[in-house]
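I have placed the structure first, in the form of structure tokens, so that the comments after it can refer back to it.
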Amino acid sequence: MIAVLKQGTDQQQIDSLIEWFHSQGLRTNLSQGDEVTIIGLIGDTTKVDADLVESLDIVESVKRITEPFKRANRKFHPDSTVVEVGDAKVKFGAGNFQIIAGPCSVESREQILTVARAVKAAGATLLRGGAFKPRTSPYDFQGMKAEGLELLLEAKKETGLPIVSELMSAENIPLFENVDVIQVGARNFQNFELLKELGELRKPILLKRGIAGTLKELLMSAEYIMAGGNDQIILCERGIRTYETATRNTLDISAVPMLHEMTHLPVIIDPSHATGMARLVEPMSLAAAACGADGLIIEVHNDPQHAKCDGAQSLTPEQFNVLATKVCKVREAVA
């Protein structure tokens with residue numbers, strides 16, 4: 001349930017109404033936009049007399065929300081959330097578009113520093129790199145772990161780029177203290193115990209859609225994090241598994257405008273994992289920019305042929321430079 005307040009309602013009146021809702025055993029979520037103020041009610045609202053609430057002088061209307069995700073729901077929070085990352089306050093959402101770029105996995109000091117310098121020069125605003133790698137085969141490269149995080153931090157210190165890296169287990173959270181954005185991968189998007197732990201942090205979370213996850217399931221996963229008090233979430237569409245076998249996954253471009261209707265959280269696209277082919281990354285990136293995505297996360301490697309992880313879908317720095325230029329032109333064209 002949401003209570004839409006009348007314009008001109010002062011803070012004391014809002015606080016009094018919230019206190020009354022709390023006395024009814026409900027939790028509240030206050031959204032104060034430029035044009036409208038909404039109090040979202042969370043809990044058992046069946047006992048709330050909607051007609052009584054709507055009759056209050058400061059209440060414009062009362063609506064019941066049927067979707068199970070509440071805090072992530074745009075009806076609760078009409079204005080788009082802006083997620084700020086790092087000391088530089090790099091912004092995602094509400095018209096702010098960012099490109100995250102870097103290798104699938106950190107392999108060496110030379111590799112991550114070379115790529116970091118190149119992607120920054122081309123216009124990337126965040127550096128990605130996997131230190132802990134979930135792999136389908138137990139025999140594949142599993143990442144450099146803590147040492148990989150240290151190399152990412154060295155690259156951050158040199159370039160100033162905030163860093164993004166994937167967390168696989170709650171027990172490793174202390175190692176991610178200086179990581180600017182914690183990524184939850186497709187395999188963990190419904191690891192609810194991990195999501196609960198991330199809800200206790202006050203750090204941006206990049207939440208990827210699972211390979212067979214619906215948009216509702218993605219938003220319910222975001223709700224787990226938000227229920228703990230952390231609303232700094234960036235959603236990521238990275239392709240879903242369908243009957244098609246020509247590409248690694250099927251990139252659901254329609255998820256971007258649909259999610260923008262359903263939620264106030266920013267939405268970015270991962271064209272690298274979606275297609276699994278470097279030659280398809282550019283056209284899918286341009287499509288993402290055209291459909292209103294809030295950013296991209298792209299794999300870039302200085303030597304893709306010898307990459308220890310996902311070389312086939314990685315761009316060279318030169319290819320990334322061309323892509324970044326074209327993305328800017330597409331965004332200008334659709335603005």
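None of the values given here were measured: they were computed from a predicted structure. Excluded from the calculations below are hydrogen atoms, water molecules and symmetry mates; all remaining heavy atoms, backbone and side chain alike, are included.
Using a 4.5 Å cut-off on side-chain heavy atoms (C-beta onward), Ile58 and Lys6 make no contact. Here the side chains of Leu175 and Asn172 are in contact, with some heavy-atom distance below 4.5 Å. Side-chain contact between Arg71 and His77 is absent, with no heavy-atom pair separated by less than 4.5 Å. The shortest side-chain heavy-atom distance between Val4 and Val62 does not fall under the 4.5 Å cut-off. Side-chain contact between Leu56 and Leu17: present, with at least one pair of heavy atoms (C-beta onward) separated by less than 4.5 Å.
Between Glu193 and Lys196 there is a salt bridge, with a side-chain nitrogen of the basic residue lying less than 4.0 Å from a carboxylate oxygen of the acidic one. Salt-bridge check for Arg109 with Glu154: passed, with a basic side-chain N closer than 4.0 Å to an acidic carboxylate O. Here Arg117 pairs with Glu158 in a salt bridge; the nearest charged N to carboxylate O distance falls below 4.0 Å. Using a cut-off of 4.0 Å between Lys/Arg side-chain N and Asp/Glu carboxylate O, Asp180 and Lys156 are scored as salt-bridged.
Remark: side-chain polar atoms of Asn230 are paired, donor with acceptor, to backbone N or O of Leu201 under 3.5 angstrom. No donor-acceptor pair under 3.5 Å is formed between the side chain of Lys308 and the backbone N or O of Val106. Using a distance-only test at 3.5 Å, with no hydrogens or angles considered, a donor-acceptor pair links the side chain of Thr242 to the main chain of Glu244. Proximity of a side-chain donor or acceptor of Gln183 to a complementary backbone N or O of Gly185 within less than 3.5 Å is not detected. Judged by distance alone, the side chain of Lys157 and the main-chain N or O of Leu152 form no donor-acceptor pair under 3.5 Å. At distances below 3.5 Å, not a single donor-acceptor pair connects side-chain atoms of His273 with backbone N or O atoms of Ile298. In this structure, Glu217 contributes its side chain and Thr214 its backbone to a donor-acceptor pair below 3.5 Å. Looking at Thr45, its side chain never comes within 3.5 Å of a backbone N or O of Val48 through a donor-acceptor pair. Listed for the Arg27 side chain is no donor-acceptor partner under 3.5 Å among the backbone atoms of Gly43. A donor-acceptor pair is defined here as one N or O able to donate and one able to accept, closer than 3.5 Å; such a pair exists between the side chain of Glu223 and the backbone of Ala72.
Note that OG1 of Thr9 is 9.0 Å distant from CD of Glu60, once rounded to the nearest 0.5 Å. With rounding to the nearest 0.5 angstrom, the CG atom of Leu198 is 9.0 Å from the CG atom of Asn191. Atom NZ of Lys75 is separated from atom OG1 of Thr66 by 5.5 Å, given to the nearest 0.5 angstrom. With values rounded to the nearest 0.5 angstrom, Arg248 atom CZ is found 10.0 Å from Ile211 atom CD1.
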* Could you give me the CA-CA distance, side-chain angles and deciding distance for Asp310 and Gln313, then say whether side-chain hydrogen bond (donor to acceptor under 3.5 Å, both in side chains) is met? => CA-CA 6 Å; Asp310 287 343; Gln313 67 195 35; 3.3 Å; yes
* Take Ser80 and Arg74 through the side-chain hydrogen bond (donor to acceptor under 3.5 Å, both in side chains) test and state the conclusion after the steps. => CA-CA 8 Å; Ser80 296; Arg74 188 173 283 280; 3.2 Å; yes
* **Step-by-step side-chain contact (heavy atoms from CB on, under 4.5 Å) determination, Leu235 to Asp294** => CA-CA 10 Å; Leu235 302 175; Asp294 298 298; over 6 Å; no
* Asked: Would Met284 and Ile269 count as a side-chain contact (heavy atoms from CB on, under 4.5 Å) if you check the C-alpha gap in whole Å, the side-chain angles of each, and the deciding distance to 0.1 Å?
  -> CA-CA 9 Å; Met284 292 300 95; Ile269 289 282; 5.8 Å; no
* To do: Take Lys203 and Ile182, measure what side-chain contact (heavy atoms from CB on, under 4.5 Å) needs, and give me the verdict at the end.
  => CA-CA 8 Å; Lys203 183 188 291 288; Ile182 293 178; 3.7 Å; yes
* To do: Starting from the C-alpha separation in whole Å, work towards a yes-or-no answer on side-chain hydrogen bond (donor to acceptor under 3.5 Å, both in side chains) for Thr125 and Gln98.
  => CA-CA 6 Å; Thr125 47; Gln98 309 297 340; 2.7 Å; yes
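Linking Ile, Leu, Val, Met, Phe, Trp and Tyr whenever their side-chain heavy atoms come within less than 4.5 Å puts Met220 and Met258 in one cluster. Taking hydrophobic clusters as Ile, Leu, Val, Met, Phe, Trp and Tyr residues chained together by side-chain heavy-atom distances below 4.5 Å, Val164 does not share a cluster with Leu161. In the hydrophobic clustering of ILVMFWY residues, with side-chain heavy atoms under 4.5 Å counting as a link, Val267 and Phe189 come out together.
Gln11 CD: more than 12 foreign heavy atoms inside a 6.0 Å radius. In the displayed structure, Asp87 atom CG is contacted under 6.0 Å by at most 12 heavy atoms of other residues, nucleotides or ligands. Crowding of Asp57 atom CG: a count of heavy atoms from other residues, nucleotides or ligands under 6.0 Å not exceeding 12. By the 6.0 Å contact criterion, CZ on Arg241 is open, its count of non-hydrogen atoms from other residues, nucleotides or ligands being 12 or less. Crowding of Glu147 atom CD: a count of heavy atoms from other residues, nucleotides or ligands under 6.0 Å not exceeding 12. The local environment of NZ in Lys326 is sparse, with at most 12 non-hydrogen atoms from other residues, nucleotides or ligands closer than 6.0 Å.
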